Amino acid sequence: MTETNRIKWVVTSAWPYVNAIPHLGNMVGSVLSADVFARYLRLKGNEVIFVSGSDSHGTPVAVAAKKQNVSAKDLAFKNHKIIKNLFKLWNISYDNYTITHNPTHIKFVQDFYLDIQKNGYIFEKEIESLFCEKDNLYLPDRFVEGICPHCGYENARGDQCDNCQKLLLPSELKNPRCAICDSTPEIRTTKHWYMDFPKLQARLEKLINENKIIPQNARQMLLNSIAEGLPERAITRDLEWGIPAKFKGAENKTIYVWFEAVLGYVSAVKEWAEKIINQPIKFDHFWKDKNTKTVYFIGKDNIIFHLIVFPGLLIAFNDDKSESEKLVLPYNVSSTEFLMYENEKFSKSRGVGIWIDEALELAPLDYWRFNLIYNRPEKSDTSFLWSEFNNNIKTLNDVIGNFIHRTLTFIIKQFEGKIPKKIELDNTDKEFISKISSIGDIVGNALENFELRKALRDTVKFAREGNVYLNDKAPWHLIKEKKEAAGHVFNICAQAVYALAVLFGPFIPDTSKKILDYLNIQKELNDLGWNSIGENSLLAGHTIIKPKPLFQKLDIKEIQEKYIKLKAKEKGKSDVEMISYDDFKKLDIRVALIENVEKVEKAENLLKLTIDLGTEKRTIVAGLAKYYNENELVGKKIIVLTNLEPKKLRGITSHGMLLAADDEKTVSILIPDKDIAPGSKVL
RNA sequence: ACGGGCGUAGUUUAAUCUGGUAAGAAUUAUGGUCUCAUAAGUCAUGGAUUGUGGUUCAAAUCCACACGCCCGUACCA
């Protein structure tokens, strides 16, 4: 444990893209894990700087801004502010949460690449690229579609054919078209600046081999891709929204986001030193000391980037620097697997998952922080399950909250709130006390090995042992015979409560603070320190405060319903897109009379309807079988969209669409208020 | 397609690197018990190694194949 004492740490989490609010998966993998780790290191008395920021450049932001008719910069800053505020609400203890579009970062990146160029790691190359004149855009590979030269599949993308799986170059496609506007792009020659990774290969291999801390599974994959040969990578782009490249002749080029955002790990500390604490020297203090440990909390999709690309850049930069000017190479990368939502991938477009703003509307913060770390996907992908969430809240409440509450209320009621004295220890006492004195090391070791999940589970186990101890000693019996004997037990339990306050500090800081408040301890947690856990943390005679329950059980069904409503509201919001009257006029909506209804075989929800439109009869297929039976529909007058493209459903061609309302619980067909002739137009 | 990883009670998981205890826990279920505490606590019982072959005295663990899921190659940040 002394090993980490007074060591300098730079703790970082992956940079969230400014275009989207992070979801729980993003949160647990990088931001929250890094926060727990940073809080622990501070508690152990280390020098810690914890940084990250919003990744603000790149095509998607530019495109979104254009759609909303604002500048990319305004949009980026607006979203950055929202994300930054959410992290604050999540109690993320960043020393600096910045944005890549800040002057310190921009200058740092520009100078950095000029340095690398000077050191001989950048070369220029002309390439042919497809350009869409209509969108005024060089098209990234996957934004080009066309016919696959191998299998003739019509919708092959410029990077790969989804049909035959073969890798493609955009120029190989027959009849290429722009995926955004469908027009035919032209081939243009453009020059780009490349990073010479092959030149770094040997040194990167050495770095990976010599670093014994990075996870075993990542190592294998990394060595593999190095052995395969690292590709040269273009670091510039023909894009306006980004950091202008300063290479000679690169006037209209920007640095590709991937190669610039990672440098934020460095520049964010620089910005912090210069602008937040006004001690510029602190930048060198952290980044240019070879004993500083830098740690990166990321998702598994980011491993290569953080252990090959990023250190590669640092090595190239350090090439001509003296020892005291070199930037320190990564100490470790803690990568998590993915969090799923009820066994599905999080997906914004399909509305699958929980986003960090929604979470806060559904349950108190510490319930989320606890739950996420408790199920942190360390070994394999794990799912967020409502049932698990419920279990974990119960654990929090029944095991931890209750142990603390029963201990403190007993002391209040029977001992006027004063911590009673210990008397003689028997074996049961000794056993529990030895647990109190070792729990700090057990949990601390797990954290230092980046096993956050184990650390939290060990803490819960400790609280459970507190309950067992209480049960074994049954002080509510002892008190009838000999008050001191009961007091003795509660002295020991109070030490355990104190231990829990400290142990929970990194995980659920609000709760930790509450416990300290009840214990009537005014000192800041960081001043108390991790090592203050022990059998005599609280002195006999110390007065505590009457506690309130720390947690309460939640009605998970109610929360789920709230979640569904939240999702429905969002969906409604995004669907409200204004259309012109001309657009509306294109729809031919009419009243129709249902003449016949049959159930469609092998389809649980489909009905085949024969309808009369006055001038003609038609067949349409509707997904109503769950809500209506055949008989109750015949003879009803309904509303039908008649000029929808015919579509084959289960072998039956549907010539139109029946209109119905759906609130996710019931589905109701629409019926004209008065008796009106079939074929009447709806306007 | 290629490279890497993963697969253990209904559910969430430990033990896998380094083969060796009745595969350990939590939750769920069932039954008992205590009353300080929040219908909480505590105790007991039941329940699992994806499949098929192989190596071995011995396989959850090592090897091969199959199946399923994830990631990377693949510039989407």
Side-chain angles (χ1 to χ4, degrees), chain A residues 14-20 54-61 100 140-143 157-161 164-168 215-225 227-231 233-235 237 256-259 261 299-305 308-309 335 337-338 340 343 345 371 374-375 377-385 387-392 394-395 397-414 453-454 457 460-461 463-464 466-479 486 489-490 493 547-553:
Chain A
W15 292 57
Y17 197 51
V18 80
N19 222 16
S54 304
D55 179 6
S56 60
H57 300 127
T59 319
V61 172
T100 54
D141 292 357
R142 62 162 51 189
F143 280 176
R157 286 194 324 240
D159 51 351
Q160 178 180 33
C161 171
C164 67
Q165 302 292 333
K166 286 210 172 76
L167 300 187
L168 303 172
Q216 195 57 42
N217 55 353
R219 164 173 287 119
Q220 198 52 44
M221 184 181 73
L222 290 163
L223 290 176
N224 232 305
S225 33
E228 272 172 26
L230 297 175
R233 301 252 216 165
I235 56 172
R237 284 293 184 276
Y256 182 41
V257 280
W258 270 114
F259 289 88
K300 64 174 161 181
D301 53 333
N302 251 329
I303 295 173
I304 295 218
F305 221 83
I308 291 184
V309 173
S335 66
E337 305 288 316
F338 284 170
M340 318 277 266
N343 297 315
K345 287 183 84 163
N371 181 73
Y374 202 76
N375 278 335
E378 290 180 3
K379 202 175 94 176
S380 56
D381 293 351
T382 61
S383 258
F384 172 88
L385 301 172
S387 57
E388 275 298 302
F389 186 56
N390 193 25
N391 282 344
N392 296 340
K394 271 164 72 181
T395 300
N397 183 62
D398 299 350
V399 176
I400 297 151
N402 189 35
F403 172 70
I404 293 169
H405 196 249
R406 67 201 292 210
T407 297
L408 299 185
T409 46
F410 202 102
I411 294 174
I412 291 283
K413 281 187 188 163
Q414 301 294 340
R453 172 188 176 119
K454 180 174 182 296
R457 283 172 185 247
V460 171
K461 196 173 159 207
R464 206 167 252 133
N467 278 323
V468 173
Y469 172 73
L470 256 186
N471 222 68
D472 285 352
K473 299 293 279 191
W476 42 92
H477 290 311
L478 296 175
I479 199 159
V489 172
F490 279 102
C493 284
K548 287 194 195 105
L550 286 168
F551 309 103
Q552 57 184 23
K553 281 199 214 182

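Since the model is a prediction, treat every value here as computed from it, not as a measurement. Chain A is the first sequence line, chain B the second, and so forth, proteins listed ahead of strands; every chain is numbered from 1.
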*What is the nucleic acid contact for A:Phe403, judged by heavy atoms within less than 4.0 Å: base, sugar-phosphate only, or nothing?*
nothing
*With a non-hydrogen cut-off below 4.0 angstrom, is A:Asn402 in contact with a base, only sugar-phosphate, or nothing?*
base
*Select one nucleotide: of B:rG41, B:rC6, B:rU12, the one nearest the side-chain heavy atoms of A:Arg457.*
B:rU12
What are the atom names and distances for every N/O pair under 3.5 Å that joins the protein to nucleotides 68-70 of chain B?
| residue | atom | partner | partner atom | Å |
| --- | --- | --- | --- | --- |
| B:rC70 | O4' | A:Asp381 | OD2 | 3.4 |
| B:rC70 | O2' | A:Lys300 | NZ | 2.2 |
| B:rC70 | O2' | A:Asp381 | OD2 | 2.9 |

*asked:* Roughly how many Å apart are B:rU61 and B:rG7, using the C1' atom of each and rounding to a whole number?
replied: 14 Å
*asked:* Taking B:rG72 as the reference, what is the distance to B:rC76 when you measure between their C1' atoms (whole Å, please)?
replied: 14 Å
*Stems in RNA chain B: runs of 3 or more consecutive Watson-Crick or G-U pairs, distances under 3.5 Å?*
B:1-7 with B:67-73, B:10-13 with B:24-27, B:29-33 with B:41-45, B:50-54 with B:62-66
*Examine the base of B:rU38 for any acceptor or donor lying under 3.5 Å from a partner atom in the side chain of A:Asn397, and report the outcome as yes or no.*
yes
*Quote, to the nearest angstrom, the C1' distance that separates B:rA66 from B:rA74.*
27 Å
*Considering only B:rU11, B:rU42, B:rA14, which nucleotide approaches the side chain of A:Lys379 most closely?*
B:rA14
*Taking the nucleotide of RNA chain B with the closest heavy atom to each, which residue, A:His477 or A:Asn375, is nearer the 5' end?*
A:Asn375
_Nearest-angstrom distance, C1' atom, B:rA14 to B:rA25_ = 7 Å
*Closest nucleotide among B:rG41, B:rA77, B:rA37 to the A:Asp55 side chain*: B:rA77
_Whole-angstrom distance between B:rA29 and B:rC65, as gauged at atom C1'_ = 39 Å
*How would you label the contact of A:Pro60 with the nucleic acid (heavy atoms, under 4.0 Å): base, sugar-phosphate, or nothing?*
sugar-phosphate
_Please classify the nucleic acid contact of A:Leu550 as base, sugar-phosphate, or nothing, using heavy-atom distances under 4.0 Å._
base
*asked:* Just to be sure I understand the rule, does A:Thr382 reach a base, reach only the sugar-phosphate, or reach nothing, if contact means heavy atoms closer than 4.0 Å?
replied: sugar-phosphate
*Look at all strands and tell whether A:Ser380 reaches a base, only sugar-phosphate, or nothing, counting heavy atoms closer than 4.0 Å.*
sugar-phosphate
*What distance, rounded to whole Å, do you find between the two P atoms, one in B:rU18 and one in B:rC6?*
14 Å
_Under 4.0 Å, heavy atoms only, any strand: does A:Lys461 hit a base, just the sugar-phosphate, or nothing?_
nothing
*In whole Å, what separates the C1' atom of B:rA59 from that of B:rU16?*
11 Å
_Out of B:rA40, B:rC6, B:rU13, whichever nucleotide has its closest atom nearest the side chain of A:Arg453_ = B:rU13
_For A:Asn392, run the side-chain contact (heavy atoms from CB on, under 4.5 Å) check against A:Asn397, A:Val460, A:Asn371 and tell me which one passes._
A:Asn371
_Can you tell me if A:Thr407 touches the phosphate of B:rA37, counting only side-chain N or O atoms and a distance under 4.0 Å to OP1 or OP2?_
no
_Closest nucleotide among B:rG4, B:rG41, B:rU38 to the A:Asn224 side chain_ = B:rG4
*Reckon A:Gly299 touches a base, only the sugar-phosphate, or nothing at all at heavy-atom distances under 4.0 Å?*
nothing
*Can you tell me the distance, in whole Å, between the CD atom of A:Glu378 and the P atom of B:rU16?*
15 Å
What pairs of nitrogen or oxygen atoms, one from the protein and one from nucleotides 28-32 of chain B, lie under 3.5 Å apart?
| residue | atom | partner | partner atom | Å |
| --- | --- | --- | --- | --- |
| B:rU28 | OP1 | A:Lys394 | NZ | 2.9 |

*Same-atom distance (P) from B:rC63 to B:rC17, integer angstrom*: 10 Å
_Ring centres within less than 5.5 Å and planes less than 30° apart: is that true of A:Trp476 and B:rC36 in this structure?_
yes
*Round to a whole Å and report the spacing from CG of A:Asn467 to P of B:rA26.*
13 Å
